[in-house]
Amino acid sequence: IPKTGARLASNTKAALDRSSQSKVFYLDNKWWAIAQDAVDSKWYLWSFNGGAWSRDLLVDSRAGARADMIVDVANKKLFVLGSQSASAIFFRLGYNAGNWTIEKQTTLADFAHGTGANVVTMTRAKNNALWVFRINNNVLETQVSKDNGATWSATIPIKSGLPGVKGQTEAVTFSASGNHVGVFYSLINTNSGKLFGFMKHLDTDLNNKWTDETNSIARFGTETPEGSLCAGVTNSGVVYVMTRTIPTAPDDPNNTLYKRSATGAWTKFIVNIGYDWASPALALDASNNRLYLMGIRASSTPNIGEYVSVAFGQESTIIDAFAPVFMKNAAHNFANLSAPATPVTSATGLMMLAGNTTTDEVWFSRIALGLPKAAEEERLATSQQEVEIDKFTEASVYPNPFNPSTTIRFAVKEPMQVKLQIFNLRGELVRTLANGEHKRGLHEKHWNGHDHTGNLVASGVYFFRLQIGEQFYRGRMQMVK
């Protein structure tokens with residue numbers, strides 16, 4: 001894929017920063033974003049209309065600010081929090097007859113980035129209270145406003161004694177046995193104490209009363225947080241959060257998805273292992289009940305944007321899911337994803353933003369929703385399709401589990417370089433089954449269960465990684481004896 005995505009505007013800057021801060025939303029039948037102007041470095045709203053973006057209202061004049069946004073579609077309000085190392089400023093915007101105006105601007109007392117440039121994140125409770133969060137000097141802190149941002153409380157400590165001063169927060173609101181505010185925290189590569197956690201607050205409780213569910217969230221192994229995370233909530237009250245981690249053992253994941261059910265039960269799922277996504281982001285498709293997970297492939301050059309999609313309740317299949325590319329341009333590197341904080345629909349599509357760090361610009365990519373999964377994947381895989389071949393859009397393994405051999409089947413849309421490799425749980429290369437140009441058509445590669453030295457491998461789980469041109473597929477298979 002030579003190019004996927006497009007430049008938002010030539011006069012934007014790539015500094016979108018953390019994926020836990022949302023900078024894109026849908027209102028009045030169009031997409032909106034907040035981004036920096038390259039000339040004056042100020043933060044403006046931008047609107048997407050007729051296939052092109054145009055600059056709209058100036059929101060924050062501070063070049064060093066980083067924005068988080070919440071949209072109130074019903075009342076046509078936008079809440080923006082701009083945080084920087086010196087101060088955090090809240091903006092309430094109103095929308096009328098196609099125009100935005102700033103209704104209120106308030107500086108939060110002593111609630112800047114905090115230690116380690118930990119950006120501030122924001123959410124809005126079901127009772128309309130606004131909450132902001134940060135990590136500061138080993139403490140998870142918050143402030144709250146009960147009057148749409150006109151006034152703010154003093155800083156409230158939620159959890160003290162955190163084993164680290166650097167990290168990120170991500171906030172959500174959800175309804176499950178009452179209306180709650182939830183805040184995740186992820187400390188950066190700290191080797192002691194609990195590194196990743198979740199606190200929740202019932203709307204009817206006092207502001208300083210929080211319940212700690214951190215001990216219910218387990219790791220797969222000894223992986224440590226990298227600090228990046230992104231969360232979302234379904235209409236039924238299910239909470240999802242995707243994290244990036246640093247593996248310290250061969251079977252540790254690089255990215256993990258955690259799920260909190262409406263009854264409060266936590267489960268975990270491997271998103272990537274031996275394969276790293278930076279700037280993890282997620283979005284929820286309310287029309288089709290699907291979960292979208294996105295990331296910047298950090299283990300390759302150039303750094304490009306990829307995503308996977310699974311139905312709600314099918315999270316265990318993520319590790320085997322097809323990963324289309326949604327942000328790529330020649331040898332350009334991308335970073336700093338931003339996804340909508342509220343659920344999207346088939347009518348809106350999924351709008352994603354990313355910073356093009358090669359050209360220092362904001363880029364966007366709109367992913368169509370509501371298509372059958374195979375059709376969407378074919379559309380992204382190639383524009384030159386013949387139905388019989390292009391309906392085959394995922395690599396398949398049969399039999400699986402296997403003993404002693406199996407076959408990996410895949411389709412090549414046009415003559416292209418293909419590499420197919422087998423890896424063990426430690427991420428070590430076991431066997432290369434293909435490495436060269438393949439003609440258009442359906443292909444099968446047989447693996448007899450032997451490694452590159454000719455020895456039969458041990459029973460256990462193995463992964464294949466298939467590269468067809470610039471497109472990657474992956475899957476899991478098990479040798480049984």
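Numbers here are sequence positions counted from 1.
The aromatic rings of Trp363 and His332 sit perpendicular to each other, their planes meeting at more than 60°, with 30° as the lower class boundary. The aromatic rings of Trp46 and Tyr44 stand perpendicular to each other, their planes meeting at an angle above 60°, with 30° marking the opposite boundary.
Residue Gly349 comes nearest to Trp31 through the heavy atom pair O-CZ2, 3.3 Å, listed as atom of the first residue, atom of the second, then distance. Residues Asn255 and Thr245 come closest through the heavy atom pair N-OG1, 4.1 Å. The two residues Ser145 and Ala150 make their nearest non-hydrogen contact at OG-N, 3.9 Å.
Contacts of Arg260 classified as side-chain hydrogen bond (donor to acceptor under 3.5 Å, both in side chains), with partners at least two apart in sequence or in another chain: Glu213. Listed by chain and residue number, Asp72 satisfy the side-chain hydrogen bond (donor to acceptor under 3.5 Å, both in side chains) test with Asn75 (two or more places apart in sequence, or in another chain). For Thr358, there are no side-chain hydrogen bond (donor to acceptor under 3.5 Å, both in side chains) partners two or more places apart in sequence or in a different chain. Legend: residues meeting side-chain hydrogen bond (donor to acceptor under 3.5 Å, both in side chains) with Ser261, ordered by chain and number and at least two apart, are Thr263.
Two rings, from Trp53 and Phe364, have their centers less than 6.0 Å apart. For an aromatic pair to be called close, the ring centres must be under 6.0 Å apart, and Trp152 with Phe111 fails this. Checked against the 6.0 Å centroid criterion, the rings of Trp277 and Tyr307 do not qualify as a close aromatic pair. Taking the six-membered ring for Trp, Tyr258 and Phe184 have ring centres at least 6.0 Å apart.
The side-chain heavy atoms of Ser228 and Pro280, taken from C-beta on, include a pair separated by under 4.5 Å.
Sorted by first and then second residue, the salt bridge (charged side-chain N to carboxylate O under 4.0 Å, His left out) pairs involving residues 27-47 (not counting sequence neighbours) are Asp37-Arg55. Judged as a salt bridge (charged side-chain N to carboxylate O under 4.0 Å, His left out), the pairs with a partner in residues 269-280 (not counting sequence neighbours) are, in order, Arg244-Asp276.
With Phe220 as the aromatic partner, Lys268 meets the cation-pi criteria of under 6.0 angstrom to the ring centre and within 45 degrees of the ring axis.
Checking each of Glu170, Gln168, Arg134, Lys159 against Tyr185 for a side-chain contact (heavy atoms from CB on, under 4.5 Å) leaves exactly one that passes, namely Lys159. Only one option out of Trp131, Phe174, Trp210, Phe198 pairs with His180 in a ring-ring contact (aromatic ring centres under 6.0 Å, His included); it is Phe174.
Rounded to the nearest 0.5 angstrom, Arg290 CZ and Leu350 CG are separated by 12.5 Å.
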